[in-house]
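Start at 1 and go down the list; that is how both ligands and their atoms are numbered.
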Amino acid sequence: MGYPDNFEGFAVTDTAQWNTVKKIDFTPKPFGPKDIDIKIKACGVCGSDVHCVTGGWAQPDLPVIPGHEIVGEVVRVGDGVENGFKVGDRVGVGAQAWACLECETCKDENETYCPDWVDTYNDKYPDGSKSWGGYSSHVRIHEHFVFPIPEALESNDVAPMLCAGITTYSPLVRNGVGPGSNVGIIGIGGLGHFAIMFAKALGANVYTFSRTNSKKDDAIELGTDHFIATFEDKDWSSKYARKLDIIISCGNSSKNFDLDGYLKCLKVHGKLISVGLPEEPFTVSPGDFIKNGTLLGSSHLGSRREMLEMLDLAAKNGIKAWHEDLKVGEKGIGEALERCHNNDVKYRFVLTDYDKAFN
Ligand code: NDP
């Protein structure tokens, strides 16, 4: 059985062999009136894919097919779809597949915080069906989480924006970042490189914190105004004390993460928003916050409205992912997961050549 009853994808079946995938057939959720089927053309490889398949956050529901930065073509539209999608449209899907859209949280455009939200992969819908990600031939998603892609954006340039981009754009705009804001960005990876570009596009003065000087030239090309190598610069936290309104932390590890140093760089009541989700906790005490009354928080993806705004901003400003492309398949996915794990990518892998991997 093939499409539309079964899809094909590349699955991790054992966390001990997280960089090895094998092709499987799987049954997607039952097709509902609001669903859209998408034939996948490209998919980014997110740091979250690595946390998931290694079991670093928790044991995944194996087999797991990761991938939540998807661009493809609409091949089937449910009869209750209202957003005007039609067969042949080029669309994107990010890290969320479903929310109830009825609770107060959803009605306030906070659907990424719906208590019943469903992730694009390694999650369960209310009816018990499993969600499967974009290292696959197709994906089936509720229309609210399907986004039209502006013509000006190439598929491989935009795929990583659907998770990495929106996750940084949302906290920037929700915290009022604009001309004259002083914004710190921690970690130049998939999320961090977008954070620099979006903060700059919004008019902010950008201060980028990376562990070493190895990414300095890239950070400058991405648009940063200041660059700080925290493992190499002496006294960086004193030098930049009380300069920043907000810091967006995109770091994926808490190893030697100098939280106190970063908090020192915030103005009074400044915020550090960690969109990064390290596997080990930060160690904090109220004393870390009292000197300048700072706040620590987090942020999850971004709403549909923010996603459409971000895509528009990217199209108008020529913002694109920096990406390296690999063919979807055992070899390409294995290499992408392994190198992403080793922080060896500038700054996102995009899986391509879907037509060759799937019939
Ligand atoms: P990448 O692997 O592409 O980048 C991670 C970056 O973190 C590295 O490039 C590095 O930057 C920085 N880093 C690593 N260790 C440390 C450390 N100890 N201290 C400071 N910085 C560090 O990952 P992604 O950008 O794809 O993802 C980043 C994180 O965001 C992940 O934890 C991921 O799960 C999470 N995420 C969260 C989402 C949300 O909704 N909140 C959505 C998507 C992802 P450098 O070399 O410059 O120091």
Side-chain angles (χ1 to χ4, degrees), residues 44-54 56-58 66-69 94-96 110-113 117 119-122 133 159-172 174 184-197 207-220 222 224 227-233 236 247-262 272-283 297-303 306-307 321-324 336-350:
V45 175
C46 180
S48 300
D49 299 357
V50 177
H51 289 300
C52 173
V53 298
T54 55
W57 281 335
H68 58 207
E69 296 182 334
Q96 187 170 0
N110 283 319
E111 64 270 35
T112 59
Y113 302 98
W117 101 59
D119 291 327
T120 298
Y121 67 82
N122 189 42
M161 226 176 274
L162 296 158
C163 172
I166 189 63
T167 300
T168 59
Y169 178 80
S170 174
L172 289 170
R174 284 186 183 217
I185 308 295
I186 302 174
I188 312 174
L191 270 62
H193 90 296
F194 277 120
I196 299 170
M197 291 190 280
Y207 295 69
T208 300
F209 299 88
S210 191
R211 288 165 300 171
T212 68
N213 277 304
S214 65
K215 300 177 183 171
K216 183 172 182 176
D217 292 346
D218 291 347
I220 292 167
L222 286 161
T224 199
F227 182 87
I228 303 106
T230 55
F231 288 5
E232 293 177 12
D233 294 354
W236 59 271
I247 297 176
I248 309 289
S249 173
C250 305
N252 65 352
S253 147
S254 51
K255 198 171 163 214
N256 299 320
F257 188 93
D258 186 358
L259 181 62
D260 200 36
Y262 296 121
L272 188 151
I273 308 286
S274 181
V275 288
L277 298 168
E279 293 168 13
E280 302 296 333
F282 297 138
T283 308
S298 189
S299 180
H300 182 226
L301 309 175
S303 68
E306 288 164 342
M307 183 77 94
W322 287 26
H323 55 92
E324 298 181 46
L337 290 171
E338 179 97 33
R339 286 183 50 200
C340 184
H341 177 263
N342 296 338
N343 193 25
D344 175 22
V345 51
K346 288 191 171 184
Y347 281 96
R348 220 18 154 211
F349 285 113
V350 175

TODO: Please list, chain by chain and in numerical order, all residues satisfying salt bridge (charged side-chain N to carboxylate O under 4.0 Å, His left out) with Asp260, sequence neighbours excluded.
DONE: Lys291
Open item on the list: Would you say the ring centers of Trp236 and Phe231 fall short of 6.0 Å from each other?
Closed with: no
- [ ] Determine yes or no for a side-chain-to-main-chain donor-acceptor pair under 3.5 angstrom, with His51 supplying the side chain and Trp57 the backbone.
- [x] no
- [ ] Sorted by first residue and then second, give each side chain to side chain donor-acceptor pair (under 3.5 Å) pair with at least one member in residues 336-346; sequence neighbours left out.
- [x] Asn19-Glu338, Lys215-Asn343, Asp218-Lys346, Glu324-Arg339, Glu335-Arg339, Arg339-Asp344
Provide, line by line, the atom pairs where ligand 1 and the protein bring an N/O atom each to a distance under 3.5 Å; else say none.
unit_1	atom_1	unit_2	atom_2	d
ligand 1	2 (O)	Asn252	ND2	3.4
ligand 1	3 (O)	Gly190	N	2.9
ligand 1	7 (O)	Asn252	N	3.3
ligand 1	9 (O)	Ile188	O	3.1
ligand 1	9 (O)	Lys215	NZ	3.1
ligand 1	9 (O)	Asn343	OD1	2.9
ligand 1	11 (O)	Ile188	N	3.2
ligand 1	15 (N)	Arg211	NH1	3.3
ligand 1	18 (N)	Ser253	O	3.3
ligand 1	18 (N)	Lys255	O	2.6
ligand 1	25 (O)	Gly190	N	3.2
ligand 1	25 (O)	Leu191	N	2.8
ligand 1	26 (O)	Gly47	N	2.8
ligand 1	26 (O)	Arg348	NH1	2.7
ligand 1	26 (O)	Arg348	NH2	3.3
ligand 1	32 (O)	His51	NE2	2.7
ligand 1	32 (O)	Leu277	N	3.0
ligand 1	34 (O)	Ser48	OG	2.8
ligand 1	34 (O)	His51	NE2	3.4
ligand 1	40 (O)	Leu301	N	3.0
ligand 1	41 (N)	Val275	O	3.0
ligand 1	41 (N)	Ser299	O	2.9
ligand 1	46 (O)	Arg211	NH2	3.1
ligand 1	46 (O)	Lys215	NZ	2.7
ligand 1	46 (O)	Asn343	ND2	3.4
ligand 1	47 (O)	Ile188	N	2.8
ligand 1	47 (O)	Ser210	OG	2.5
ligand 1	48 (O)	Arg211	N	3.0
ligand 1	48 (O)	Arg211	NE	2.8

- [ ] Applying ring-ring contact (aromatic ring centres under 6.0 Å, His included), name anything that partners His68, two or more places apart in sequence or on another chain.
- [x] Tyr121
Task: Heavy-atom check, side chain of Asp258 versus side chain of Thr230, under 4.5 Å - done: no
